[in-house]
Amino acid sequence: MSISETTRAQLEELVARYPRPRSALMPMLHLMQSLDGEVTPDGIDACAELAGVSPAEATAVASFYTMYRRSPGGAHHIGVCINTLCGLLGGDAVYEALSERLGVGHDQTTPDGRFTLERIECQAACTHAPVMTVDWEFMDDVTPTSAVDVVDRLERGETVRSTRGPVIRTWRDTERSLAFPDDGLAAEGTPVDAKMLAGLSLAKERGMAAPTTAQEGR
Amino acid sequence: MTPLTPVITEHWDDPELFTLAGYRRHGGYTALASALKQDPDALIGMVKDSGLRGRGGAGFPTGLKWSFVPQNDGKPHYLVVNADESEPGACKDIPIMIANPHSLIEGVIITSYAIRANHAFIYIRGEVPEAIRRVALAIREAREAGLIGRDIAGSGFDLDVVVHAGAGAYICGEETALLDSLEGFRGQPRLKPPFPAVAGLYASPTVINNVETICNIPYIVGRGVEWFRQFGTEKSPGFKVFAVSGHVNRPGIYEAPLGITMRELLDYAGGMLDGRDVKFWLPGGSSVPLLTADHLDVPMTYEAMAEAGTMLGTGTPMVFNDTVSVVKAVTRWLEFYKHESCGKCTPCREGTYFITGTLERFEHGHGSEREMETLVDLCDQIAGRSFCALGDAAATPYPSALKYFRDEFVAATTTPVDEQFDPASAYVFSGAAAR
Amino acid sequence: MTVTSNSGPGSDVAMPTDLIAVIIDGVEMSVPKGTLVIRAAEQLGIEIPRFCDHPLLDPVAACRACLIEVEGMPKPQPACAQVLTDGMNVRTQYASEVARAAQEGVMEFLLLNHPLDCPVCDKGGECPLQNQAMTVGRAESRFDGEKREFEKPVNVSAQVLLDRERCVSCARCTRFAEQIAGDPSLELLQRGAKQIVGTADDTPFESYFSGNVVQICPVGALTSASYRFRSRPFDLVSVPTTCEHCASGCSLRTDYRRGVVTRRLAWDDPQVNEDWNCDKGRFAFAYQVHGRLESPMIRENGELRVASWPEAIDAAARGLAAARGRVGVLVGGRSTVEDAYAYARIARTALATDDIDFRVRQTSVEEDAFLAAVVAGTPVSVTYEALESAPVVLLVCLEPEDESPILQLRLRKAARNGTPVVSIGAVRSPGLGKVRGRLLPARPGGEGAVLAALPDDVRALLAQPGAVVLVGERAAGSAGALSAAAALARSTGAGLAWVPRRAGERGALDAGALAGLLPGGRPLSDASARADVARAWGIAPTDLPAQRGRSGDSLLAAARDGQLGALLVGGVELSDYADPRGAQEAIDAVGFVVSLENHHSAVTERADVILPVAAVTEKAGTFLDWEGRPRPFEQVLRDALTMSDARVLAMIADAMDVRMPADVRAIRAEMGSLGPWTGARGEAPSVAPAASTDATVLASWRQLLDSGLMQDGEPHLAATARPTVALVSAATAAGVGESVTVTGPGGSITLPVEVGDVVDGVVWVPMNSPGCHIHADLGAVPGSGVRLSPGGTA
Ligand SMILES: Cc1cc2nc3c(=O)[nH]c(=O)nc-3n(C[C@H](O)[C@H](O)[C@H](O)COP(=O)(O)O)c2cc1C
Ligand code: SF4
Ligand code: FES
């Protein structure tokens, strides 16, 4: 099976982004995953060809990074941070609740193909612990109840919004954004939230500010 | 009391700051305009004089790093921004890119100009599309405004900036692994020498800096070395985006001069949740030795933290109260290192496997005092012997935890930690929320 | 100190090297700048443990087994990657507690997940992990957890198996595949504790050099299907040998047990094959035992019957004597120098003939002149090492990956160091890609014209000192190519070497097994050359044949036309001739045929006397590699009773009252007494290149792994051969579809089409692969006009 002309053109666009074709391997794999729902052997071959590497080299890369799936992923990817901070502050309970709700364990997909559940590592959102991601969009400060509620609403087809980013689409849509990140969604969602502003708000409240000119006698 | 000093975060409350128009409203890109009128070497000198140290964790002097790049070598130069932020506890770079991506782009353009790079890459971990799309938008806006591209603002300087999404690998934060990853290889660290400044991306001279480091540049260039040095200490000048997380009342981002203490930061963060005691805390990521309540007054500087036996690291303190089992916390971190070990070298690959397996038995109450000593040995067998600092990091949590909380490990030889510490008591939600 | 290095063909240039003073374990020594600690320590006899280190692979410093202490450095450093600098003070495990502890720690980690299944592991007894665990390891494991487990073993190719749980992630195999062979289809997959060697889904590890990864794996993770569970190293007798498969001249180690060869390994020879060999050389040895001729035979009333040796020798001698002066001698291209010399000698003495040739392939009169003028008896000039510093290497009618694989590896090494490789041919082959080569397109037969009109930049590079031109044996089939190559070398000063495919060709040429040439490249027509040889042979110069004899096609034609009374044939496969049917007819037309052979063949079927001779493992001898470098070897199977060709020929000669040395040592002494030939040589040919035609022409060469008889009996190896396809350009393919029928003068073959970078109007097919034997099936040779039609519609 070979790839379509459109796909080839998109892969070529990724190759053109870099000084050397091989550098495009990671975005190409994201793109193939968005199209196929996983990194398939055909996807590997296509990426390898355009990157100028062997299928084994592309496989080596695809298997190194955890975001590339070698089995079909669900429509939505549900990640729960179980690293120490999130996990101990409640992420463990969130994961348990979701696992029970979905009836699947780590890195498993529900039989209806709707959800893949994954225990994920620190998401650089510790101030918002416990953190969950849906299709890699942030769901900050979740509780077992709110996390299950997100899943319920997604299952009912309701609109669910990331706590920081845009309306949740699908996991494949996000994978596509990782290949082509200027996806037109940057202005959606809350630009910044209270936790990101915690220090700034407090400073303003207390009249603290950084001097804008050099001070003498330091 | 050290005041908060919002600089990088100063205008984050403007909901349009992430756009070019918003950024410009607050004086954005004026530093670039002045930089392009200066000699690149003068800019390198300026950053050297500022004493700015890398905010990625190691605290290496930024200007010095830039000065290692050979000039007039006829090779292309590259700037690579390390936006892989995957260190457990680190959560400052992603918010910066979400809230104020143009400050990064402005820093990237100035830095590229200084080191004579015509190509810059921003390597962002793949799990944060929100940050990636904001940076992508900022790049497009900057390009459309003539701030990126050919002959920027008539200076004759050309620059292309590319945002690159990772795909899930903590090791790619290690600078040489990042380069391999960016070149389309598995992200395993490279043998040094040669160092990236001489042979980095595509074997050409390359500067790799952290997001926050680069975000400092427009301010140093725009406001001067003197201005910058009024913050912080002689050895740790400047301000820092501290991200405080854990069992505190107001976790979040607090920007303050280096040298502020954890006690002061805790105070700004509203004190401990439910008024409980600080049990242990880590100044900057899971890769630095942990501290206790006894260390709350140590200044948050590179030098003072080193003296206290730890490191400032990413400057993103995690604070845990006394509901938390240190055995469980350490085990979880080791599980992380085992999961993230790249596999290249024996001590890290096998050591994290070995230690994690042993700690997991402790967590379930099946350890022994002999094994407690074996674990110390094993950590020694990793530290300083692994290929890169990931191994060193993995060898850090256990010895430092043992130093302060030996009794807890002894207790774990007989009693499962969940019986000693009810996990639910450490949750930040309770009752109805937890179902 | 100075080191000598071959910086150009034939030139030993002394190059000053910066020396630095260092201290290792308290011993002061000076080493060239850039030396690694591990290498310097070796010089002192200090063995630092190592797994990932391999002197021919780029250092990775991954296993950390070799940590040592360097004064002034806070952490222990890997000796395999630590470059010594002036004044550096290094302490190894013998002088440093830090180093010792570090090494022990790493060893403990390495054994942690290792299955410790040494008793059932092929590597047991010769395993670096086992050995180093004994010296550096701790007696007991401190680990109670579960070890990694894998389903075992997996085939990474038909020949190479992988037991993943034994792997220590040293990446020697993957680095070999990528750096040395240029076949990056074996890779480290996954990461962390799950990291494992493997291939892409459904794609095996494809490499002509795959066996090397088995050899360099420092544990028993990689094994070969052919040797797995066959033997234990301590039950084997190991003998250094030279490979008989091609003219690369690899040093090998042959291991045998109870009279049977169990395996062959590459033997380190820095000047030739370094540490490597190809899979044919490693795995193809079963042919030597299967289907051997066991006793002499004589044809009586049309039927062959078993005969005693005296009886058979007598019959051979009588028959040959009867045809004295009208005997032709055909020597296969696989004889040792000593055997070929015996054929050359018996021809010119007992048989009184100069009708002799060793080339069982396409030949030409132009080639005769080229070999006589440029190659025969010349000293080693272009070397493997010279390629590494050559400003350019030009290949003509030569596909090194298939035809001289170790040359391919050395060219790849040279190319990685920046040597440009340029090839004149019709196909941009995978092998050319691996040496980053540039193709100067030529239709088969048109190489001479391209050589005569090279692009300026290539000519300029060739004019630089050290430049090299390598011509393959297929040039004999391209009119004007050898003439142009010789002229080019003369006009540019570039070194010129001829690269035949078979191991015995260069040696047979130098031994005088070609009409018109006495041993050492001495022209038969030259009086002082005749005098030299007559003296060595103890005869009068006038006893040597006066007339230059026949060779190549004219020799076979003479036989076919009834001009020969007898044929003496040694190790000839008739299907290897460009015209196999013609060769058969030639043999059939000769009244008396003596065959020295070790297997039944088309020749033995037609022979009047069959004399079974030793296989290569059963005798001592010498091959000359393409460089002209002698590659002597001893008898492997000490108890073998079979006789070499030379010994059998000496017996025949004896029966004809001519004394010849029979023993390798005596032959070598006699050849040595001749010394090199410094007199005049023949003129290089000056044949004009053929005019090009519009016809579709055939391009072809023998693939390394093909239908060659010497690969018989090794199914795992055969399964790794490249598929038989017809390679054409996209434009040519458009006219035929998915499969193509190629029709030549003597028949048709239908093959699957593969589109490649091939000159338009050319179809490439393998010369002698399953389903495609161009001589027999098409009646064609490279350069023959052929017709292409959609598959099956001939
Ligand atoms: C395992 C590991 C992970 C790292 N992760 C990051 C990271 O996510 N971001 C970062 O800026 N530096 C990270 N570093 C540090 C980088 O190697 C490097 O020192 C830094 O990017 C240099 O930038 P700076 O001088 O501006 O701090 C990591 C180092 C190691 C060993
Ligand atoms: S299979 Fe052997 S050679 Fe390859 S990485 Fe494993 S131990 Fe090394
Ligand atoms: S031999 Fe030096 S690290 Fe492996």
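Lettering follows sequence order; numbering is per chain, from 1. Since we're looking at a predicted model, the values are computed, not measured. Values below: every heavy atom of this structure, side chains too, minus hydrogens, waters and symmetry copies.
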CZ (C/F109) and CD1 (B/I355) are apart, to the nearest 0.5 Å, by 6.0 Å

Part of C/P78 lying under 4.5 Å from any heavy atom of chain B: neither

Highest number of heavy-atom pairs under 4.5 Å with chain B: which of C/E108, C/K75, C/Q195? C/Q195

Counting only heavy atoms not in B/E307, do more than 12 fall under 6.0 Å of its CD? no

Counting only heavy atoms not in C/K194 (residues, nucleotides, ligands), do more than 12 fall under 6.0 Å from its NZ? no

In terms of heavy-atom pairs under 4.5 Å with chain C, which of B/K338, B/R361, B/Q188, B/H339 leads? B/H339

Return the CD to CG distance between B/E350 and C/L111, rounded to the nearest 0.5 Å. 9.5 Å

Contacting region of C/Q190 [heavy-atom separation from chain B under 4.5 Å]: backbone

If you measure from CG on C/N113 to OH on B/Y353, what distance do you get to the nearest 0.5 Å? 4.5 Å

Heavy atoms, side chains only, cut-off 4.5 Å: are C/R191 and B/E340 in contact? yes

Evaluate whether atom NZ of C/K413 has more than 12 neighbouring non-hydrogen atoms of other residues, nucleotides or ligands under 6.0 angstrom away. yes

Considering only heavy atoms, which portion of B/R190 lies under 4.5 Å from any heavy atom of chain C: side chain, backbone, both, or neither? neither

For B/T346 and C/C63 the tightest heavy-atom approach is OG1-O, 2.8 Å

Identify which part of C/A65 has an atom lying under 4.5 Å from any heavy atom of chain B, answering side chain, backbone, both or neither. neither

Give the member of C/G192, C/A193, C/P76 that has the highest number of heavy-atom pairs under 4.5 Å with chain B. C/G192

Is it the case that atom CD in C/E97 sees more than 12 heavy atoms from other parts of the structure closer than 6.0 Å? yes

Sort C/L110 into side chain, backbone, both or neither according to what part of it lies under 4.5 angstrom from a heavy atom of chain B. both

Going by residue number, which parts of residues 372-393 of chain B are within reach of chain C, meaning a heavy-atom gap below 4.5 Å? B/T374, B/D377, B/L378, B/Q381, B/I382, B/G384, B/R385, B/S386, B/F387, B/D392

For residues B/L191 and C/A81, report the shortest heavy-atom separation together with the two atoms involved. CD2-CB, 3.8 Å

Contacting moiety of C/L189, where chain B heavy atoms sit under 4.5 Å: backbone

Considering all heavy atoms of both residues, which atom of B/P347 and which atom of C/R64 are nearest to each other, and what is their separation? CD-CG, 3.4 Å

Within a reach of under 6.0 Å around NZ of B/K75, are more than 12 heavy atoms found that belong to other residues, nucleotides or ligands? yes

